[in-house]
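Every heavy atom of this structure was used, including side-chain atoms; hydrogens, water molecules and symmetry mates were not. Throughout, residue positions are numbered sequentially from 1 according to the sequence presented.
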Amino acid sequence: TSNGSQGTVSVSFTTTGEHSVSYRVIDNVGLTAESSVFTFLIDIDPPTLIINDISHNGMSGLLIPGDTVSGFGTDPGSGFATVYISFPGNNSFKAVDYSVITEAPPAESIVWNAAADFSVPSGKYRVSVKGTDKVGNESAVMSAPVKVDADAPVTDYTVSGNGAGSGWYRGSVTVTAASSDQGTGIMSESVSMFCSPSLSVEAGKTAMIPASYSGTCSVTVKASDYA
């Protein structure tokens, strides 16, 4: 209630949603104007963001540059304005794309995604996201642990056979890939050979030179890890 020719009445809202305020005016001789109603949309609640499970080649938590990180979000009020993400090695957040699934009001839901863009040494890090709604409410920062493997495997091989010294062998020879990886581990490896005179040797985890062959062979080992 406000008395006098002019007046101000403060009204507080403690919940997000649609609120109505009705008022009427009574003059000094008791004449009453028709009641009027103002309707307001109030948003006092921040949005919420979730990061989907992160994995690469079936290894949970592994993240490499170029992978897609995704998630979803909800806002009970005005709807999202911006979603931000921070990747390993980055001290700042950058805006990412999102799509609205359910529009506000009364609530908005979105899905978001971003291509991983970072360059850091192998180790354990975190990916973080946050967002703001259209009236400026800011979400809590949500983060997920990730592992980064930036180191290539070390290729190697073993040779079994009747060695005669100085690299010579008599009889059949078997070459086996024996690579190592200090990060995510060896996912695949293979041995291939180039022989002179020519010899067809099937590439694989192991390769065999038959006892009937005489010549010189060079060995190449290829290996890849889960990153």
Once rounded to the nearest 0.5 Å, what's the spacing between atom [atom1] of [X] and atom [atom2] of [Y]?
| X | Y | atom1 | atom2 | answer |
| --- | --- | --- | --- | --- |
| S99 | F72 | OG | CZ | 15.0 Å |
| D225 | T184 | CG | OG1 | 3.5 Å |
| D75 | T132 | CG | OG1 | 9.5 Å |
| M187 | N57 | CE | CG | 4.5 Å |
| N90 | D117 | CG | CG | 7.0 Å |
| N52 | W112 | CG | CH2 | 7.0 Å |

(message) Test side-chain contact (heavy atoms from CB on, under 4.5 Å) on T48 and S139; report intermediate values, then the result.
(response) CA-CA 6 Å; T48 300; S139 74; over 6 Å; no
Transitive ILVMFWY side-chain link [X] to [Y], under 4.5 Å:
| X | Y | answer |
| --- | --- | --- |
| F87 | I64 | no |
| V96 | F118 | yes |
| L49 | F93 | no |
| V201 | M208 | no |
| F80 | M142 | yes |

What I'd like to find out is whether the side chain of [X] reaches to under 4.5 Å of the side chain of [Y], using heavy atoms alone.
| X | Y | value |
| --- | --- | --- |
| K94 | I85 | yes |
| I54 | D67 | no |
| E108 | K134 | yes |
| L199 | M193 | no |
| V221 | D156 | no |
| I209 | Y169 | no |
| D151 | Q182 | no |

Of all the heavy-atom pairs spanning [X] and [Y], show the shortest one and how long it is.
| X | Y | answer |
| --- | --- | --- |
| A152 | D181 | C-OD1, 3.9 Å |
| S128 | S143 | OG-CB, 3.3 Å |
| S179 | A223 | OG-CB, 3.6 Å |
| S55 | S60 | CB-CA, 3.9 Å |
| I186 | Y226 | O-CE1, 3.6 Å |
| A150 | P121 | CB-C, 4.3 Å |

(message) What verdict does the side-chain contact (heavy atoms from CB on, under 4.5 Å) test give for D45 and N137, after you've listed the backbone C-alpha separation in whole Å, the side-chain angles of each residue and the deciding distance to 0.1 Å?
(response) CA-CA 7 Å; D45 295 318; N137 295 315; 5.7 Å; no
(request) Begin with the C-alpha distance, continue with both residues' side-chain angles, and end with the deciding distance and a verdict on side-chain contact (heavy atoms from CB on, under 4.5 Å) for V127 and Y125. (result) CA-CA 7 Å; V127 170; Y125 300 89; over 6 Å; no
Might you confirm whether atom [atom1] of [X] has over 12 heavy atoms from other residues, nucleotides or ligands at distances under 6.0 Å?
| X | atom1 | value |
| --- | --- | --- |
| Y213 | OH | yes |
| K222 | NZ | no |
| R126 | CZ | yes |

(request) Going by the side chain to side chain contact (heavy atoms under 4.5 Å, CB included) test, name the single residue among V191, T176, V175 that passes it with T206. (result) T176
(message) Whether the side chain of T220 engages the backbone of S192 through a donor-acceptor N/O pair (distance < 3.5 Å, no angle test) should be reported.
(response) no
(message) Using a 3.5 Å distance criterion without hydrogens, assess whether the side chain of D43 forms a donor-acceptor pair with backbone atoms of S78.
(response) yes
(request) Test H56 against L63 for side-chain contact (heavy atoms from CB on, under 4.5 Å), laying out the working first. (result) CA-CA 6 Å; H56 183 86; L63 182 67; over 6 Å; no
(request) Would you tell me whether S224 and S188 have side-chain atoms, one donor and one acceptor, within less than 3.5 Å of each other? (result) yes
